[in-house]
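Proteins get letters first, then strands, A, B, ... in listed order; numbering begins at 1 in each.
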Number of protein chains: 4
Amino acid sequence: MTDSADAPPRRQKAAGKRQRLTAAAARVLHEQGVERTTIADIARAADVPTGNVYYYFKTKDELVEAALTEHVSHLKTLTDQLDQLPDPRERLKALVAAWVGGRDTAARYGCPTGTLAVEVDKRTEGGLDLAAGRAFRQLLDWAESQFREMGVADPDGLAIALIGAYQGMSLLSNALRDPEIMTREGARLTRWLDTLT
Amino acid sequence: MTDSADAPPRRQKAAGKRQRLTAAAARVLHEQGVERTTIADIARAADVPTGNVYYYFKTKDELVEAALTEHVSHLKTLTDQLDQLPDPRERLKALVAAWVGGRDTAARYGCPTGTLAVEVDKRTEGGLDLAAGRAFRQLLDWAESQFREMGVADPDGLAIALIGAYQGMSLLSNALRDPEIMTREGARLTRWLDTLT
Amino acid sequence: MTDSADAPPRRQKAAGKRQRLTAAAARVLHEQGVERTTIADIARAADVPTGNVYYYFKTKDELVEAALTEHVSHLKTLTDQLDQLPDPRERLKALVAAWVGGRDTAARYGCPTGTLAVEVDKRTEGGLDLAAGRAFRQLLDWAESQFREMGVADPDGLAIALIGAYQGMSLLSNALRDPEIMTREGARLTRWLDTLT
Amino acid sequence: MTDSADAPPRRQKAAGKRQRLTAAAARVLHEQGVERTTIADIARAADVPTGNVYYYFKTKDELVEAALTEHVSHLKTLTDQLDQLPDPRERLKALVAAWVGGRDTAARYGCPTGTLAVEVDKRTEGGLDLAAGRAFRQLLDWAESQFREMGVADPDGLAIALIGAYQGMSLLSNALRDPEIMTREGARLTRWLDTLT
DNA sequence: AATGAATGAGTTTTCATTCAT
DNA sequence: GATGAATGAAAACTCATTCAT
């Protein structure tokens with residue numbers, strides 16, 4: 001009631017720090033790659049002392065997983081918005097439009113989920129952690145639902161084709177440093193969605 | 001009768017070693033990822049003393065680039081074989097079949113070129129090394145030639161769509177550890193190629 | 001009565017460690033030479049774990065520069081003391097006396113500033129780092145001030161002659177392992193200072 | 001008589017290689033410093049295969065000593081020429097003029113003998129190799145002879161003063177990257193020689 | 001003697017993780 | 001919880017020296 005200005009409630013501060021770390025990890029890990037990013041990098045980006053990170057995340061792997069979850073959560077926010085569109089085909093086309101909207105980031109750093117997935121996969125030698133897989137599941141399920149609602153055949157195959165196309169175009173766009181690949185491939189996907197019956 | 005087993009020809013050893021190192025690098029870097037693979041790992045896989053690696057490759061980056069080139073060279077070998085088929089459409093379908101044939105490796109480690117490209121991209125901070133881009137160029141050009149020979153519109157767009165689809169399905173197949181994704185997507189691509197006019 | 005021996009004050013430890021490292025570097029680099037001294041040598045001399053050195057100095061070069069600065073700072077302390085003498089000629093003669101006082105060290109290891117300067121110069125290939133130059137600037141300026149105050153002609157030329165003579169006699173004394181060279185040359189410089197008008 | 005073009009006499013070739021290595025070592029070690037120069041550097045500069053170096057010099061130390069000797073031998077050549085001047089004072093003044101003539105090299109790399117001496121001294125830890133000392137002995141002796149012939153008092157002290165002045169001015173000139181220091185100090189030394197009686 | 005290649009010990013540097021306060 | 005500092009196990013890279021022809 002009285003000390004809110006000088007001493008913000010601990011409960012909130014801690015949660016805020018965790019969130020800041022997660023957001024910083026999501027951004028920095030995407031930009032620099034998992035293996036080339038140090039805990040200190042993330043701590044600095046989140047404006048948190050290095051040693052303090054370990055009160056929120058026991059290991060680097062936990063931070064990586066949190067970052068992956070953060071990206072998934074961004075996708076959830078996006079699909080939640082798209083769900084407000086009445087037509088499933090329009091929802092999918094809007095998803096493609098969102099991808100194209102992120103073309104500059106994709107050309108520079110690739111798809112956050114995709115590039116993280118590639119690296120995370122190598123980190124879990126032998127073991128089937130599959131954190132990378134989980135990251136895609138949700139989006140695949142959402143896309144499949146849309147296709148199903150559209151009444152087209154093989155909805156889960158189409159979902160894989162669509163998400164796969166996005167991963168592929170992001171990867172090529174990134175490797176060739178050419179955002180226009182996203183634009184052109186996005187247009188092609190949109191046309192494709194229109195032809196499905 | 002011959003002493004080839006006991007006394008391997010010294011003359012060829014040097015060239016052979018470089019090749020052994022390149023091949024080992026291509027394999028191990030693909031399996032473990034660039035950043036998690038040490039020079040010692042590659043040396044061991046090639047049965048070469050660690051220090052000796054540097055006689056053939058001045059830096060780890062050079063080894064990575066050699067590995068990338070090795071993968072590209074594998075693709076060249078493949079497309080050279082496909083070129084013997086009379087019909088460009090058949091060549092492309094055979095390419096897809098080859099991809100599907102590698103589904104188990106893709107599901108376990110992803111596409112060699114693609115996963116290396118993602119990591120190589122993060123290694124060249126800010127700089128436009130584009131080694132990753134060069135790795136794709138040749139295959140894109142080859143695919144474009146086939147589409148052009150088929151007389152379809154937008155051959156380079158189709159080339160990007162095709163290679164992108166492969167990258168995407170490899171990535172998803174890897175993240176979900178599911179080789180069947182390769183099979184199903186391969187079938188879809190084959191059908192797609194058949195519909196092009 | 002006090003636990004100072006068992007539990008050294010942590011608060012001061014950090015600052016103290018950096019100073020200990022700098023002092024150790026100054027000594028060891030002088031005695032062994034820059035290139036033949038390892039970070040581990042310095043760490044051991046400072047009683048600091050090797051890895052911890054990098055918390056205070058990002059590279060070996062930074063340690064070398066700190067050592068050079070440390071030697072310069074010793075000279076500053078010396079000239080500050082000499083400044084308390086009323087007569088500039090006496091100050092210069094006292095400086096020479098101080099040099100002669102360090103004859104055994106000079107005969108064994110050379111002038112700290114001079115020998116470090118020689119090696120530092122070779123470390124900065126092509127680049128104009130001039131850390132070595134900066135190391136001499138202060139002493140040259142101080143000597144020049146004294147000559148100026150004495151009212152003699154060409155004070156900066158004389159400063160160079162004086163400091164140069166010290167460097168030369170240290171180098172010869174070291175190469176010939178003969179401290180007496182310092183004594184005799186010191187006497188000659190003193191006589192020379194007395195003749196200046 | 002017949003194969004001179006295709007197969008030069010072995011006896012000469014070997015001697016030529018040794019000489020080339022010595023000359024290359026003298027130059028490269030001066031420019032880069034002893035510790036930063038590799039055997040391979042010297043071999044390359046002499047256009048000799050790396051492995052072959054060891055047929056002429058058993059260790060790096062031997063090469064360093066040969067380089068030092070080479071520099072001393074240059075000095076001998078110089079003093080032999082100066083000996084043809086009738087007046088010892090003129091000989092000494094001509095020596096100073098020669099030093100000034102090498103001012104650009106001195107400003108860039110320091111005095112060959114002096115900088116090598118500093119580094120060689122650090123290489124013989126504890127042991128009294130004194131190769132550095134021997135390098136100066138000859139020049140000191142020659143200068144002392146000149147002073148003696150001039151009939152001035154304390155000829156060996158003056159020799160040390162003269163050679164020391166050269167070492168000092170080279171070192172400062174190098175540290176400050178200023179060849180003019182050589183010019184000015186040279187002029188001062190010349191005047192000083194003229195005043196001696 | 002000649003030579004490219006091999007060797008292995010050593011050096012700088014990095015960093016996830018832990019610790020003391 | 002918070003924080004700067006500590007730690008130690010790698011990892012990349014270097015190079016004098018040796019070796020097999």
Discussion item. Can you tell me if Tyr56(B) touches the phosphate of dA6(E), counting only side-chain N or O atoms and a distance under 4.0 Å to OP1 or OP2?
Written reply: yes

Item to complete: Could you tell me whether the phosphate oxygens of dT14(F), OP1 or OP2, come under 4.0 Å of any side-chain nitrogen or oxygen in Tyr54(B)?
Response: no

Worksheet item: Lys60(D) has a side chain; which of dT17(F), dT7(E), dC13(F) sits nearest to it?
Response: dT17(F)

Fill in: Of Val34(C) and Val53(B), the one whose closest DNA chain E nucleotide lies more 5'
Val53(B)

Worksheet, complete the sentence: Between CD of Glu35(C) and C1' of dC15(F) the distance, given in whole Å, is 14 Å

Worksheet item: In whole Å, what is the span from the CD1 atom of Ile42(B) to the P atom of dA12(F)?
Response: 8 Å

Response to the item:
Closest to the 5' end of DNA chain F, once Asn52(C) and Val48(A) are matched to their nearest nucleotides, is Val48(A)

Worksheet item: dT7(E), dA6(E), dT3(E): which one has an atom nearest the side-chain heavy atoms of Pro49(D)?
Response: dT3(E)

Fill in: Cationic N near anionic O, under 4.0 Å, Glu65(B) to Arg123(B)
no

Fill in: Listed nucleotide nearest any side-chain atom of Tyr55(D), set dA2(E), dT17(E), dA12(F)
dA2(E)

Worksheet item: To the side chain of Thr50(C), which of dT13(E), dA16(F), dT3(E) is closest?
Response: dT13(E)

Fill in: Atom pair distance, as rounded to whole Å: CZ in Phe57(B) and C1' in dA6(E)
16 Å

Worksheet item: Starting at the 5' end of DNA chain F, which residue's closest nucleotide do you reach first, Gly51(C) or Asp61(D)?
Response: Gly51(C)

Fill in: Closest heavy-atom pair and its distance - Ala132(A), Val120(A)
N-CG1, 4.4 Å

Worksheet item: To the nearest angstrom, how far is Lys58(A) atom NZ from dA16(E) atom C1'?
Response: 16 Å

Discussion item. Nearest whole Å is fine: how far is dG4(F) P from Arg18(C) CZ?
Written reply: 16 Å

Fill in: Nucleotide forming a Watson-Crick or wobble pair with dA10(F), both distances under 3.5 Å
dT13(E)

Practice prompt. Send over the distance from Ile39(A) CD1 to dA5(F) C1', rounded to a whole Å.
Written response: 17 Å

Discussion item. When you compare the side chains of Glu70(D) and Thr22(D), does any donor N or O come within less than 3.5 Å of an acceptor on the partner?
Written reply: no

Worksheet entry | Ring-face cation of Arg18(A) near Tyr55(A) (centre distance under 6.0 Å, axis angle within 45°) | no

Practice prompt. Determine: side-chain N/O of Lys17(A) to OP1/OP2 of dT3(F), distance under 4.0 Å, yes or no.
Written response: yes

Practice prompt. Check whether any side-chain heavy atom of Val34(B) lies under 4.5 Å from a side-chain heavy atom of Thr115(B), and answer yes or no.
Written response: no

Discussion item. Does the structure show a Watson-Crick or G-U wobble partner for dT7(E), both distances under 3.5 Å? Name it, or say none.
Written reply: dA16(F)

Discussion item. What is the distance, to the nearest angstrom, from the CZ atom on Arg36(B) to the P atom on dA12(F)?
Written reply: 12 Å

Discussion item. Which nucleotide, if any, forms a Watson-Crick or G-U wobble pair with dT21(F), using both distances under 3.5 Å?
Written reply: dA2(E)

Discussion item. For Thr37(D), run the side-chain hydrogen bond (donor to acceptor under 3.5 Å, both in side chains) check against Lys60(D), His30(D), Gln32(D) and tell me which one passes.
Written reply: Gln32(D)

Worksheet item: Taking atom C1' of dA11(F) as reference, at what distance in whole Å does atom CG of Leu29(B) sit?
Response: 15 Å

